[in-house]
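In what follows, residues are counted from 1 in the order of the sequence shown.
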Amino acid sequence: MAPACRPAIVAALPRSLYLETTNRCDSKCQTCIRTFDTLEPPADLTLERVQAIVAQFPVLDRVVLHGIGEPLLNPQIFDIVAYLKTRVASVLFNSDAISLTSVRAGRLVESGLDEYRVSMDAATAPTYRRLRGVDRFERVTANVAGLIGLQRRLGRTTPRVSLWFTATRANLDELPGFVELAADLGVGEVYVQRLVFNGLGLATEANALHGRLRAHELERLAEAETLATRHGIAMRASGLTNPLASLQASDDTRPWSGCQRPWTLAYVTANGNVLPCCVSPWVARDYAGLILGNAFSERFEEIWNGTRYQQFRTDFETTTAPDPCRGCGRLWSI
């Protein structure tokens, strides 16, 4: 018997909200759509805009402040975090940590941010330069070490710091070294992400590992897991699973179908556009078709159960993946 389709209309507004605080960036990652295409005009999300959006939600459990861009480049990022912590239990964002000066590290700690995820993808400077498109490996490692040292001096445990690694054929051999790097920096968590590929730069199908791990790549994964255990580092993957499970193939003919995002969260870009999720811009062929409404000009409750959102949820439950969900799936979701 086929599973029952989830409803096109959702009674309650989501309790998880993604806000792209800026679409400007100081990296040129070779796996990021932003490096190769301009999807929206440059913009920063202001504190006033954040307050106006958040005020429309009766309950929010979690706000994630990243998208296509580097949150630390938003001049109001610390004020935004501090405001959200008066309304929301958990606030977090991913960052390249390039601009995490000692002053900003102090403001980050004082803002009340719960989780700070550092995207690095490499254990050595040459691989970092190849994947991230800039020569900032030493600066990033020094900045992270500075943040950890500050937290220790202040006796603070937040924000919880983690290192993030998008696993590809170009860098998987460095995963064990990445775990060692985390240990050297005093970081207790390492996350391994699956590549979302669109054929641009290094984000190609040939560079993807999902469902095609070779023997030596399995060995690198096992070696990294062993090192993580030895150092007391939690090694996880997107989707609340482990790296091997995330990278193994699925027999599901509708691998995207386990995702709950169209019913449980919303994503707003720095220009106010509401999209299905933060992953969708990476793979969608029709960016304009992704837009489900605009939070600057429409009430969120009208967008959430508007015609476009209803149609997206209906399409999601068919046998064909919607445009932005191609190549994605439940075990990718963060």
Side-chain angles (χ1 to χ4, degrees), residues 6-25 32-34 37-71 73-88 91-94 259-316 322-325:
R6 287 166 287 189
I9 294 177
V10 183
L13 289 178
R15 298 167 70 110
S16 182
L17 182 63
Y18 281 58
L19 298 174
E20 181 185 66
T21 44
T22 184
N23 56 20
R24 299 181 298 116
C25 196
C32 179
I33 185 66
R34 188 191 179 281
D37 195 6
T38 301
L39 300 177
E40 293 189 5
D44 292 340
L45 199 59
T46 65
L47 174 60
E48 184 179 11
R49 294 281 199 191
V50 171
Q51 291 171 330
I53 293 170
V54 168
Q56 300 177 56
F57 290 78
V59 181
L60 279 173
D61 298 325
R62 183 175 184 254
V63 175
V64 179
L65 296 174
H66 61 246
I68 298 178
E70 168 51 47
L73 296 184
N74 184 318
Q76 292 187 298
I77 186 63
F78 305 114
D79 296 329
I80 289 171
V81 172
Y83 160 70
L84 288 171
K85 284 303 296 177
T86 68
R87 291 285 312 271
V88 184
V91 181
L92 62 100
F93 61 81
N94 275 63
C259 180
Q260 303 295 322
R261 292 183 171 199
W263 290 266
T264 60
L265 65 78
Y267 172 59
V268 183
T269 74
N271 286 282
N273 289 321
V274 178
L275 309 183
C277 77
C278 65
V279 181
S280 59
W282 261 257
V283 292
R285 297 187 181 100
D286 176 18
Y287 186 75
L290 277 183
I291 299 173
L292 304 172
N294 188 280
F296 294 171
S297 59
E298 303 168 75
R299 293 285 301 171
F300 212 93
E301 60 185 4
E302 296 169 356
I303 298 171
W304 185 239
N305 282 314
T307 303
R308 282 175 283 181
Y309 236 125
Q310 287 190 50
Q311 188 61 57
F312 181 79
R313 294 187 187 109
T314 299
D315 293 344
F316 195 90
D323 178 36
C325 305

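- Asp79 pairs by the salt bridge (Lys or Arg N to Asp or Glu O under 4.0 Å) definition with Arg107, not counting sequence neighbours.
- A distance of 5.5 Å separates CG in Leu65 from OG1 in Thr21, rounded to the nearest 0.5 Å.
- Taking the six-membered ring where the residue is Trp, Phe316 and Trp263 present perpendicular rings, their angle passing 60° and hence far from 30°.
- With Arg34 contributing its side chain and Gly69 its backbone, the two residues share no donor-acceptor pair below 3.5 Å.
- The closest side-chain heavy-atom distance from Ile53 to Leu17 is below 4.5 Å.
- Gln76 places a side-chain N or O within 3.5 Å of a backbone atom of Leu47 that can act as its donor or acceptor partner.
- In this structure, Trp304 contributes its side chain and Tyr309 its backbone to no donor-acceptor pair below 3.5 Å.
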Steps toward side-chain contact (heavy atoms from CB on, under 4.5 Å) verdict (Arg6, Arg313): CA-CA 8 Å; Arg6 287 166 287 189; Arg313 294 187 187 109; over 6 Å; no
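- Qualifying side chain to side chain donor-acceptor pair (under 3.5 Å) partners for Asp61, counting only residues two or more places apart in sequence or in other chains: Arg15.
- Between the side chains of Gln311 and Asp315, at least one donor N or O sits under 3.5 Å from an acceptor N or O.
- Using a distance-only test at 3.5 Å, with no hydrogens or angles considered, no donor-acceptor pair links the side chain of Glu20 to the main chain of Tyr267.
- Considering only heavy atoms from C-beta on, Pro58 stays 4.5 Å or farther from Glu301 through its side chain.
- Each side chain to side chain donor-acceptor pair (under 3.5 Å) pair with one or both residues in residues 40-50, not counting sequence neighbours, appears once here: Thr22-Asp44, Arg24-Asp44, Glu40-Thr269, Glu40-Asn271, Glu40-Asn273, Glu40-Tyr287.
- Residues Pro276 and Leu292 meet the side-chain proximity criterion, which asks for heavy atoms closer than 4.5 Å.
- Judged by distance alone, with hydrogens and angles left aside, the side-chain atoms of Asn305 form no donor-acceptor pair with the main-chain N or O of Ala11 at under 3.5 Å.
- Side-chain atoms of Asn23 come within 3.5 Å of backbone atoms of Pro41 as a donor-acceptor pair (strictly under, hydrogens ignored).
- Taking 4.5 Å as the limit, every side-chain heavy atom of Thr264 sits out of range of all side-chain heavy atoms of Ser16.
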